[in-house]
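What follows is one structure encoded as structure tokens, with my remarks underneath.
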There are 2 protein chains.
Amino acid sequence: MPAPARTGREQIVEAASMLLDEGGADAVTMQAVADRVGVRSPSLYKHVRHRSDLLAAVVHAAVDEVTDGLAAVRVDGDARASIVAQVDAMRRFARARPHAYALVMGAAPGQPRPTPEAMRASLRFLLAATGELAGEAHALDAARLVVAWANGFITMELADALQMGGDIDEAWRWGLARIVAAIGG
Amino acid sequence: MPAPARTGREQIVEAASMLLDEGGADAVTMQAVADRVGVRSPSLYKHVRHRSDLLAAVVHAAVDEVTDGLAAVRVDGDARASIVAQVDAMRRFARARPHAYALVMGAAPGQPRPTPEAMRASLRFLLAATGELAGEAHALDAARLVVAWANGFITMELADALQMGGDIDEAWRWGLARIVAAIGG
DNA sequence: GTCTATATTTCGATAGAC
DNA sequence: GTCTATCGAAATATAGAC
């Protein structure tokens, strides 16, 4: 056997995810990924079709991570507590992996997007909770309200926008309480 | 006189803004800007220090445009109407210039940001309105709530996230009504 | 102030030997 | 499957003539 495999698609996606976290999508170059996994850049093309294929895999892995996190913190018997726990988990993920968060939530037009099915899976338990509070007829509207507020808040927090003084965590809790109340809680 | 001026900083920023709208920040290359204004790329450096200087000017012009738009639609005697008018104006701007909107609201980590003063100026009349509704003690929290929701909704709308069926304009109106009610309206 | 010419770097991707 | 070698494209920016 001439050349044993020294890397694989999984390890490549992992390295690309780290580079995304460290320097954004632009930092995910084939050269940088190759350095990270310890091979020469042409070898990557035996595991990945092209750069966009790799980036799509990175986004897919990130949205899966979010989905698992949201599923893990849900509270089955308490809709209010479940909503709070899930948006808190969103915020934790965003703080830990801001660039990945931006890709998942589609903050940058023209960047790779997760599939609609993957996004739906992420919001499964949030939809259940908002349905309990707002009624099935408005479950979707209410989920959109919650996610929109949380996403907007998190995005601006990461960008240091709305830096107008005041305690940011206090603003988060104040807003969250109002949002939950607004959808029928 | 050896070479009369065929362009100027204002025209260059304008061309760069058009390129931003058409293809995002990555499309704003010195070459593309030069083609657009009708000169060779080295000539641009007589009007602009470097590319980041140009991009910063583009962002500044965009936030000024937003500020003017928000000031124009405000309703002085009616806080609820003023809030609705201003978030509607935000949404119109985002639909007209999605890439510019993303830069202004800081959706992409690592991109050029408007100055805090410019952002504050944009939110002046919104703060006045939320102060009326929520009380001065919570004017800032309430403004953050409104802007966060609007920004999150708009961002996801532009990215086709939360595309889970239902009328998107109806969701906007439903959410907006709840938000205004939530802050004391 | 604009031009030609160019330095320099970096990128994605391919060819072909082993 | 990995490697060396390389192509071709595109980018920012500078030097110096006019």
Side-chain angles (χ1 to χ4, degrees), chain A residues 1-61 99 102-103 108-113, chain B residues 1-61 99 102-103 108-113:
Chain A
M1 32 191 155
R6 289 219 305 269
T7 188
R9 187 177 169 98
E10 191 180 4
Q11 187 188 354
I12 289 171
V13 173
E14 199 172 340
S17 298
M18 291 176 52
L19 288 164
L20 170 67
D21 292 341
E22 292 165 17
D26 287 348
V28 185
T29 68
M30 301 304 276
Q31 182 60 55
V33 173
D35 288 348
R36 192 63 65 102
V37 301
V39 302
R40 302 292 186 173
S41 61
S43 305
L44 296 178
Y45 292 90
K46 292 292 180 180
H47 305 273
V48 166
R49 279 190 296 271
H50 37 244
R51 181 176 177 268
S52 353
D53 177 35
L54 173 55
L55 268 187
V58 168
V59 171
H60 189 264
H99 291 99
L103 283 188
Q111 297 263 268
R113 301 275 320 130
Chain B
M1 33 192 157
R6 288 220 306 270
T7 187
R9 187 176 168 97
E10 191 181 5
Q11 187 187 355
I12 289 171
V13 172
E14 199 172 340
S17 299
M18 291 176 51
L19 288 164
L20 170 67
D21 292 342
E22 293 165 17
D26 288 348
V28 185
T29 68
M30 301 304 275
Q31 183 59 54
V33 173
D35 287 348
R36 191 63 65 103
V37 300
V39 301
R40 301 293 186 171
S41 60
S43 305
L44 297 179
Y45 293 89
K46 293 292 181 180
H47 306 273
V48 167
R49 278 191 296 270
H50 37 244
R51 181 177 178 266
S52 353
D53 177 37
L54 174 55
L55 268 189
V58 168
V59 171
H60 190 264
H99 290 98
L103 283 187
Q111 296 265 270
R113 300 275 321 130

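Below, chain A is the first sequence line, B the second, and so on; all start at residue 1.
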ask   = Counting just side-chain N and O atoms, does Arg6(B) come under 4.0 Å of either OP1 or OP2 of dC3(C)?
value = yes

request  = Would you indicate what Thr7(A) reaches in the nucleic acid, counting non-hydrogen atoms under 4.0 angstrom: base, sugar-phosphate, or nothing?
outcome  = sugar-phosphate

task = Would you indicate which nucleotide in dC3(C), dG12(C), dC3(D) comes nearest to any side-chain atom of Tyr45(A)?
result = dG12(C)

ask   = Expressed in angstrom and rounded to an integer, what is the separation of Met30(B) atom CE from dT6(C) atom P?
value = 21 Å

task = Using the closest heavy atom to pick a nucleotide of DNA chain D for each, name whichever of Lys46(B) or Arg51(B) lands nearer the 5' end.
result = Arg51(B)

ask   = In whole angstroms, how far is the C1' atom of dT14(D) from the CG atom of Leu44(B)?
value = 14 Å

ask   = OP1 or OP2 of dA13(C) less than 4.0 angstrom from a side-chain nitrogen or oxygen of Arg49(A), does that happen here?
value = no

remark   = Of dC3(D), dC3(C), dG12(C), the nucleotide closest to the side chain of Val39(A) is dC3(D)

request  = Ignoring hydrogens and angles, tell me if any N or O in the side chain of Arg51(B) forms a donor-acceptor pair with the backbone of Val28(B) under 3.5 Å.
outcome  = yes

ask   = Looking at Ala25(A) and Gln111(A), what are the two nearest heavy atoms and their distance?
value = CB-OE1, 3.9 Å

ask   = Do the side chain of Arg36(B) and the main chain of Gln31(B) share a donor and acceptor less than 3.5 angstrom apart?
value = no

key: Between P of dA11(D) and CG of Leu55(B), the distance in whole Å   = 13 Å

query = Looking only at side-chain N and O atoms, does His47(A) come under 4.0 Å of OP1 or OP2 in dT2(D)?
reply = yes

ask   = Which listed nucleotide (dA11(D), dC11(C), dA15(C)) is nearest to the side chain of Thr29(A)?
value = dC11(C)

task = Report the distance from atom CZ of Arg40(A) to atom CZ of Arg6(A), rounding to the nearest 0.5 Å.
result = 9.5 Å

note = Among dT2(D), dC3(C), dT12(D), the one nearest any side-chain atom of Ala5(A) is dT2(D)

message = I need the NE2-C1' distance between His50(B) and dA11(D), as an integer number of Å.
response = 16 Å

message = How many whole angstroms separate atom CZ of Arg9(B) from atom P of dG1(C)?
response = 13 Å

query = Could you give the CD-to-P distance, from Gln31(B) to dA5(C), as a whole number of Å?
reply = 15 Å

task = Provide, to the nearest angstrom, the distance between the CZ atom belonging to Arg40(B) and the C1' atom belonging to dA13(D).
result = 17 Å

ask   = Any side-chain heavy atom of Val33(A) sitting closer than 4.5 Å to one from Val48(A)?
value = no

request  = Check whether any side-chain nitrogen or oxygen of Ser43(B) sits under 4.0 Å from OP1 or OP2 of dG1(C), and answer yes or no.
outcome  = no

